[in-house]
Structure formats: structure tokens, C-alpha cells
Amino acid sequence: MKLLLIAPSSGKWRSIGKNRFFNGKTFRFSLLGLLSLAAQTPADVEVRVVDEQVEDIPFDAQADLVGIGCMTALAPRAYEIADAFRARGVPVVLGGMHPTMRPQEALGHADAVVSGEAEAIWPHVVEDARAGRLGGLYRSEQPPCLSGLPALPRHLLDPKRYATIHAVQATRGCPHKCDFCSVSAFHHATQRQRPASDVAAEIATIPDRTFMFVDDNLTANREYAMDLFRALAPLDKRWIAQASLSIANDPELARAAAAAGCFGVFVGLETFSQETLRRSGKAFNRVEGYRESIRFLHSLGIGVEAGIVFGFDGDDPGVFRRTLKHLDDLEIDLIQVSILTPLPGTAQHERLRSRIVDEDWARYDFHSVVFEPSGMSREDLQAGHDWITREFYRPWRIMRRMARYIRRPSGWKTALQALALNWAYYGRVVRWGIQGWDPAKVKAPKLSGKLATAR
């Protein structure tokens, strides 16, 4: 039996990603979801993993079963791929975040849909396909046990194509109930942990010194995080992770992370409005503490990448300039800018349902306006999002940040790593303009109209 596991890509990634070093390598991480399925596939099945961002889909390949995983923005492309294989008579299974939230929609393009985490049910899906009885909705009665997971078959990926094929997951889910978060909806606001000893044993086998955690909130459970950091400290590795900024409110935990090799964290600041955070279910972020928290992490040699979202009900046309000033004052190292996107399955989607103006899932990419904002026009929201991303990654701002990096305890080493990441973002969002907007508009030197004068 031959199994083809596919990660679809958006149109812009398909046209650019395979030929650009920064896009195809720096910003694509190993495909843990598909690798986890491959690890659970019976040993007598021949498995091939195809990532459309770095290679073409082999539509004429001999396959007995095709599995496709997707988030919402990639659902239309996933459906196109599924339809093409089914037209050849090849059975298709869809899974992932979007098919879980919209299973009946996905079943219109697949023989079967796996809802929720797939590993526990996956061998049964494969056997049903082998026996010719594949069909309908599959869902495990219980989420898979995270203890003793089989080793990931990373050899199925080409390491030259990725920033790293050594991405690691220690936890799944997040206990917070942020109303815009599909992860919280998918995992029902819970988090489960792998045994810290299992994670450390996996990391010990990684030949590279540097790796990354792909957890949604690595430090949500303090006791577990401390156990994990103690297990990692002797390995002399360096890593980055996603966490809440509250890690800085716990000096012992933050120092343990640094001692274990952490040199960078992605934190969802989201906004500089405390009231907006409260309404979104993220009041545990304290805006008045941002400065002190970030300075403390910097003092430990930990860089900070901030997630920023625009389009909240409290946002007005002046929010973009105000936010850029805050980011400069806080000496944030990197940013990911998003437009509020009411993803299906989230509480936010239900709350904003009457204001949604676009249900083309391909535009639910966090960089397109799909709803009617309350404090500005859709055009202003799009223009402001594009403007602040471009402004933050202007070369002169990058060089100013470089001077700051050099003065930190980690000195030149971290400065060079930060320069590489900043320059990669510059290539992605300024020179090539593939964040979801027209590159011609990205080159506009200034905001126009009321956004230019808004404060």
C-alpha cells in the first residue's frame, strides 16, 4: 500500500516559495502533523510526505490513499487537491484544524474526515482504506496518549528545504480561553504534556545544537515547564519557543528557561489596550507590565518576537502609529502583524457573524480583512496593517535594533541571529510582499488620507 501525505500551500507560496531562499527555508518549519501520522502508519505501508510550498504535488503518482491536513486559509487549496485525486479514483482523507471545525463541508471533497487529533484513530483509517471500506467521519473517543510516542520519521523531509527539520512538541493545546484562538477551540481550552523525560530523550538525539519548540504555550503549566527545563539544561542546546509573556513575571522560571538554552520567545501581545485584552479573554496580559517584562527577558539573553493584531473593536485609525511607537519604545526584536480573523469554530466567529463580509476561506490568512471593523473602514484596516509591517522592517530600523542587540548580555552572537531573522522578514514582507497584499501597494512611501494624520 502506498500512502501520500500532503501539506497544501497558498497560491503565492506555490509561485514564490520554491525559488526563494528566505521564503522556502527560513519561514517553513517541519511538518509535525503529517510526520506524526507517518509515525503511526503500519510498517508495511510506503509513506511519502509532500509539502507543496517546496515541491509540486505529484498528481499522477501511484497512491492507494491520500491524506491532506489543512488550516482554514488552506482549505480551498486542500479541496482542489482532494478533488483532483478523487477524480482519478484515489481515496482521500482530510484532517486538521479546518476539517475538524467544518467536517460536513470537508466531506464534500473527501471520502473521509478525521476530526480532532488523528494519531489514535489513524491506523484504523489506514486499515479501512486497505479493506475498501473507508468513509465518513472518524474521531477518537479519547485524545492520543502523549507518553512513549514513536520517533518521528524526519528522514521523509529534505533538510535543505527547511529552517530546521528538528522541530519538537512537548505540549498540546493551551488552557487559556482567548476568544479568537482556534487552538483553544480545537483543544477545548486544555493542555496536555508529554513526559519531560521523553522530550529530553528526543532532543538528545537531534544532531544540531539549535532547534525549536512548536508548542502553542510551552510554559502554561509551570511545574511541567520547570521539569522540562531541568531535563534540557545538561544537553547544551539552544532553542526558541512560544509562551505567554507571564513567563517574565516568574524570575525562577525565566532563568530556568535561559539556563536550558532558550534564546528567543514568541509572545502574543496582541494589543496595547487592556480593555481589548479583557474583552478577548486575554486579561492575563498586563499592558502596564510589558516594558519591565521585556527588559527582564532581554537581560537573560532571550529575544522577544511579538504577535500584534489589528481590527479589534477598540481600534481606530490612530492605532497603527501608536503601536509602532510602543514597539520601538519596548525594543521588540521581531513582530508578526495580523488582521483580526474570525476563524470558524471560535467564539469570535460567532460573535462577529453578522459583520463577516467574506467567506472565501483562502482570505482567512490573518492578512486580509474579512469582516466589517467598528472603528475604521476595511480599507483603512488593510492599509494600516501593511504600513506598520513595512515600517517596522525598514532597513534603518533593523540596523537600529542591531545596535541594541550588541549591548545585551549575549552580545554579537544573538545580534547576528537577530539580524538574519530581521532581514528574512524584510525580504518576506517588504521586497517580495507576499503577506497577503499587493506588492505594489507595499512600496507606497507613506500612509495617505486620514491614516497619515491619525494619532
Side-chain angles (χ1 to χ4, degrees), residues 29-30 32 146-149 151-152 154 162-176 183 191-269 284 289 292-307 332-334 405 408-418 420-421:
F29 305 115
S30 57
L32 289 191
L146 300 186
S147 178
L149 292 175
L152 296 175
R154 292 188 172 94
Y162 300 93
T164 177
I165 63 169
H166 301 299
V168 177
Q169 186 179 56
T171 68
R172 292 190 187 178
C174 178
H176 300 305
V183 171
Q191 187 191 67
R192 304 181 347 268
Q193 298 88 26
R194 294 173 61 193
S197 57
D198 285 8
V199 179
E202 177 184 354
I203 293 168
T205 68
I206 293 176
D208 298 343
R209 189 183 178 211
T210 302
F211 70 97
M212 67 176 295
F213 283 108
V214 296
D215 305 57
D216 297 290
N217 190 343
L218 184 65
T219 59
N221 183 307
R222 184 189 190 278
E223 182 179 357
Y224 174 79
M226 286 296 293
D227 288 345
L228 178 63
F229 297 157
R230 293 188 190 102
L232 294 182
L235 301 181
D236 192 30
K237 300 284 189 179
R238 288 172 55 79
W239 49 272
I240 59 176
Q242 182 170 319
S244 67
L245 191 58
S246 59
I247 184 178
N249 299 332
D250 187 334
E252 182 184 16
L253 181 63
R255 291 191 178 99
C262 178
F263 69 93
V265 290
F266 175 90
V267 296
L269 298 187
F284 55 86
E292 182 179 354
S293 296
I294 290 166
R295 284 180 175 173
F296 178 57
L297 292 175
H298 284 164
S299 74
L300 298 177
I302 298 175
V304 178
E305 178 174 5
I332 294 293
D333 303 299
L334 297 159
Y405 302 148
R408 293 180 192 167
S410 49
W412 276 101
K413 186 171 187 177
T414 298
L416 292 174
Q417 290 172 328
L421 288 170

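Residues: numbered from 1 along the sequence shown.
The two residues Asn217 and Ala243 have their closest heavy-atom pair at OD1-CA, 3.7 Å. Closest approach of Leu297 and Ala248 over heavy atoms only: CG-CB, 4.0 Å. The heavy-atom pair separating Gln191 from Ala220 by the smallest distance is NE2-CB, 3.7 Å. Of all heavy-atom pairs spanning Leu235 and Ala200, the tightest one is CD1-O, 3.7 Å. Contact between Ala256 and Phe229 at its shortest, heavy atoms only, is O-CB, 3.7 Å. Across every non-hydrogen atom of His298 and Gly303, the tightest pair is CD2-CA, 4.3 Å.
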- Message: Let's go through Trp239 and Leu232 carefully: what are the C-alpha distance in whole Å and the side-chain angles of both, what is the deciding distance for side chain to side chain contact (heavy atoms under 4.5 Å, CB included) to 0.1 Å, and is it a yes or a no?
- Response: CA-CA 10 Å; Trp239 49 272; Leu232 294 182; 4.0 Å; yes
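Taken from CG in Leu245 to CZ in Phe296, the straight-line distance is 11.5 Å, to the nearest 0.5 Å. Distance CZ/Arg192 to CG/Leu146: 4.5 Å, rounded to 0.5 Å. Rounding to the nearest 0.5 angstrom, the gap separating the CZ atom in Arg255 from the CG atom in Asp250 is 10.0 Å. Atoms CD1 and NE2, on Ile203 and His166 in that order, are 12.0 Å from each other to the nearest 0.5 Å.
Checked by atom type and distance alone, the side chain of Arg209 never pairs as donor or acceptor with a backbone atom of Arg238 at under 3.5 Å. Looking at Tyr224, its side chain does come within 3.5 Å of a backbone N or O of Arg194 through a donor-acceptor pair. No donor-acceptor pair under 3.5 Å is formed between the side chain of Gln193 and the backbone N or O of Asn221. Listed for the Asp333 side chain is no donor-acceptor partner under 3.5 Å among the backbone atoms of Glu305. In this structure, Arg154 contributes its side chain and Ala167 its backbone to a donor-acceptor pair below 3.5 Å. The main-chain N or O of Ser147 is never found under 3.5 Å from a side-chain atom of Asp198 such that the two would form a donor-acceptor pair. A donor-acceptor contact shorter than 3.5 Å links the side chain of Gln242 to the backbone of Asp216.
Using a 4.5 Å heavy-atom threshold, the side chains of Leu228 and Leu218 count as touching. For the pair Val267/Ile294, no side-chain contact is recorded, criterion being any heavy-atom separation below 4.5 Å from C-beta on. In this structure, Leu269 and Ile332 have side chains that are in contact, with non-hydrogen atoms separated by less than 4.5 Å. Taking 4.5 Å as the limit, some side-chain heavy atom of Val199 sits within range of a side-chain heavy atom of Phe213. Side-chain contact between Ile206 and Val168: present, with at least one pair of heavy atoms (C-beta onward) separated by less than 4.5 Å.
When the shell of 6.0 Å around CZ of Arg295 is examined, it contains 12 or fewer heavy atoms from other residues, nucleotides or ligands.
At a threshold of 4.0 Å, the pair Lys237-Glu202 does not count as salt-bridged, since none of the basic side-chain nitrogens sits closer than that to a carboxylate oxygen.
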